[in-house]
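Counting from 1, the numbers follow the sequence of the chain as shown.
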Amino acid sequence: MATQHDIALTHALTGIPGPLPSSGVIHVSFPHASRFTIVGNHLAQHDGLSLTAIGIGVHIQSLPAGSQVGIKALTARFAEGETTIAAALRELETHGYLHRTRTRLANGRLTTRTVFCDQPSALLRGGAVAPVAVAVAVAPRPVMTPVVPVPPPAPEPTPVPEEEHPPVRVPSRIAPKPPRRPLPQPRELTPELHRAASALLADLRRHAPELVLSEDDVEELAPGAAAWLERGAHPDAVRHALTAELPQPPKYPAKIVRHRLAALLPPPLPGSSDLAPVRRAPATPFQTCEGCDRAFRSPDPGHCRDCRGQYWEAA
């Protein structure tokens, strides 16, 4: 059954002049009298922006001046997460639609000034900025009204103190970060073990030029490398675990080495007793009953249970 909306849409399609396209979108357009925003096709059809960035750009352009358009405000308004919205804002910055600068107020506090330009190409050409319409209030003409005696004010009611409610804590959309794993420590950090671990860490930049560690970083991370060597890991294996598939470019080499020392720590080598095969208990052999030739399990030959019962009854 057709709804009222379907009937109205069918009636509107009949009023469109010219033949309708056989495929693709058909526009049903009505003039807007209020609450509309003019958006250029250079933004709505931008081939270098993602759909999320285009939508956020149109949303920001439709807001009045002074509206909050930070990551927190947009995350509270839309279903997208902070990572998606932050990436979309960076896209708008890259293509010149959004400009964010840090400025200091008169009281010394730092704030972010956000400027949205609806035509970046016109800004580069030095075009004139469209004036913002400001509503001017017209003073009403005074009207002479007769003086009416004002009755005495009624006594104010006694205010009732409102019941205090505990603050409602809104759950965060971001999962809490797991605690950082502690740096592994050897059972006994001997001078020889410490020297070998420090040399291994200082030598990492020969194999990965990005991993340049300071003397303080080497001194701090040496117990973690010593724990690997104490567990029987070969220096080449430790070096490969710390330098393979590094993020490009690595911003914090010491943090990367610390994370890998803690997250990729191998278990201690098992002892010879741990590697010995498990001994199974010997199975009781089968015997043939001397009375009825029935097979039964017993360590010694003889009679089965039934024959032994018959012999005991006969005795």
**Fill in**
Sorted by chain and number, sequence neighbours left out, side chain to side chain donor-acceptor pair (under 3.5 Å) with Gln119 holds for none
**Request:** Identify, with sequence neighbours excluded, every residue that meets side chain to side chain contact (heavy atoms under 4.5 Å, CB included) alongside Ala237.
**Result:** His234
**Prompt:** Do the non-hydrogen side-chain atoms of Arg113 and His99 ever get within less than 4.5 Å of each other?
**Reply:** no
**Message:** Please list all pairs meeting side-chain hydrogen bond (donor to acceptor under 3.5 Å, both in side chains) that have one or both residues in residues 39-61, counting only residues at least two apart or in different chains.
**Reply:** His42-Tyr97, Ser50-Glu91
**Item:** Nearest-0.5 Å distance, SG of residue Cys117 to NE2 of residue His95
**Value:** 14.0 Å
**Item:** Set of side chain to side chain contact (heavy atoms under 4.5 Å, CB included) partners for Ala208, sequence neighbours left out
**Value:** Glu210, Leu211, Thr243, Leu246
**Asked** Which pair of heavy atoms, one from Phe116 and one from Leu43, lies closest together, and at what distance?
**Response** CZ-CD2, 4.4 Å
**Prompt:** Hey, what do you get for CG (Leu261) to CG (Leu183), rounding to the nearest 0.5 Å?
**Reply:** 6.0 Å
**Item:** All side chain to side chain donor-acceptor pair (under 3.5 Å) counterparts of Arg260, not counting sequence neighbours
**Value:** none
**Nearest heavy-atom neighbours spanning Ala295 and Phe286** = CB-CD2, 4.4 Å
**Message:** Please report the interatomic distance CD(Glu220) to CG(Leu213), rounded to the nearest 0.5 Å.
**Reply:** 10.5 Å
**Asked** Is there a donor-acceptor contact under 3.5 Å from the side chain of Ser67 to the main chain of Pro64?
**Response** yes
**Request:** Would you check, one step at a time, whether the test side chain to side chain contact (heavy atoms under 4.5 Å, CB included) holds for Leu229 with Leu193?
**Result:** CA-CA 8 Å; Leu229 298 176; Leu193 190 60; 3.8 Å; yes
**Request:** Please collect all side-chain hydrogen bond (donor to acceptor under 3.5 Å, both in side chains) contacts where either partner lies in residues 195-209, sequence neighbours excluded, each pair once.
**Result:** Asp203-Arg206, Asp203-His207, His207-Arg239
**Complete:** Closest non-hydrogen contact found for Leu265 with Pro184 is CD2-CB, 3.7 Å
**Asked** What residues form a side chain to side chain donor-acceptor pair (under 3.5 Å) with Glu93, not counting sequence neighbours?
**Response** Arg100
**Message:** Within this structure, what is the CD1-OG1 distance for the pair Ile85 and Thr75, rounded to the nearest 0.5 Å?
**Reply:** 3.5 Å
**Request:** List in chain and number order the residues that pass side chain to side chain contact (heavy atoms under 4.5 Å, CB included) with Ile38, two or more places apart in sequence or in another chain; answer none if no residue qualifies.
**Result:** Phe36
**Request:** For residues 178-187, pull every pair meeting side-chain hydrogen bond (donor to acceptor under 3.5 Å, both in side chains), keeping only residues two or more places apart or in separate chains.
**Result:** none
**Prompt:** Is the number of heavy atoms from other residues, nucleotides or ligands within 6.0 Å of NE2 (His194) greater than 12?
**Reply:** yes
**Asked** Do Leu89 and Ile71 have side chains that get closer than 4.5 Å, going by heavy atoms?
**Response** yes
**Asked** Which atom pair, heavy atoms only, marks the closest approach of Ile56 to Ala88?
**Response** CD1-CB, 3.7 Å
**Item:** More than 12 heavy atoms from other groups under 6.0 Å of CD on Glu245
**Value:** no
**Lys255 NZ to Leu221 CG distance, which is reported to the nearest 0.5 Å** = 12.5 Å
**Asked** Under a single-linkage definition using a 4.5 Å side-chain heavy-atom cutoff for Ile, Leu, Val, Met, Phe, Trp and Tyr, are Val39 and Ile60 assigned to the same hydrophobic cluster?
**Response** yes
**Prompt:** With the 4.5 Å side-chain cut-off for hydrophobic clustering, are Leu201 and Val212 part of the same group?
**Reply:** no
**Qualifying residues under side chain to side chain donor-acceptor pair (under 3.5 Å), relative to Arg102, sequence neighbours excluded** = Thr112
**Message:** Restricting to non-hydrogen atoms, name the atom on Pro186 and the atom on Ala226 that form the minimum distance, rounded to 0.1 Å.
**Reply:** CG-CB, 4.1 Å
**Message:** Under the side-chain hydrogen bond (donor to acceptor under 3.5 Å, both in side chains) definition, can you give me all pairs with a residue in residues 283-304, not counting sequence neighbours?
**Reply:** Arg294-Asp306
**Request:** Sequence neighbours left out, what pairs pass salt bridge (Lys or Arg N to Asp or Glu O under 4.0 Å) with at least one residue falling in residues 264-273?
**Result:** none
**Message:** With a 6.0 Å cut-off (strictly less than), is the heavy-atom count around CD of Glu192, excluding the residue itself, greater than 12?
**Reply:** yes
**Message:** I need the minimum non-hydrogen distance between Pro247 and Ile256, along with the two atoms involved.
**Reply:** CG-CD1, 3.8 Å
**Asked** What distance do Leu74 atom CG and Thr84 atom OG1 have between them, rounded to the nearest 0.5 Å?
**Response** 12.0 Å
**Message:** Quick check on Leu51: does its CG atom have over 12 non-hydrogen neighbours (other residues, nucleotides or ligands) under 6.0 Å away?
**Reply:** no
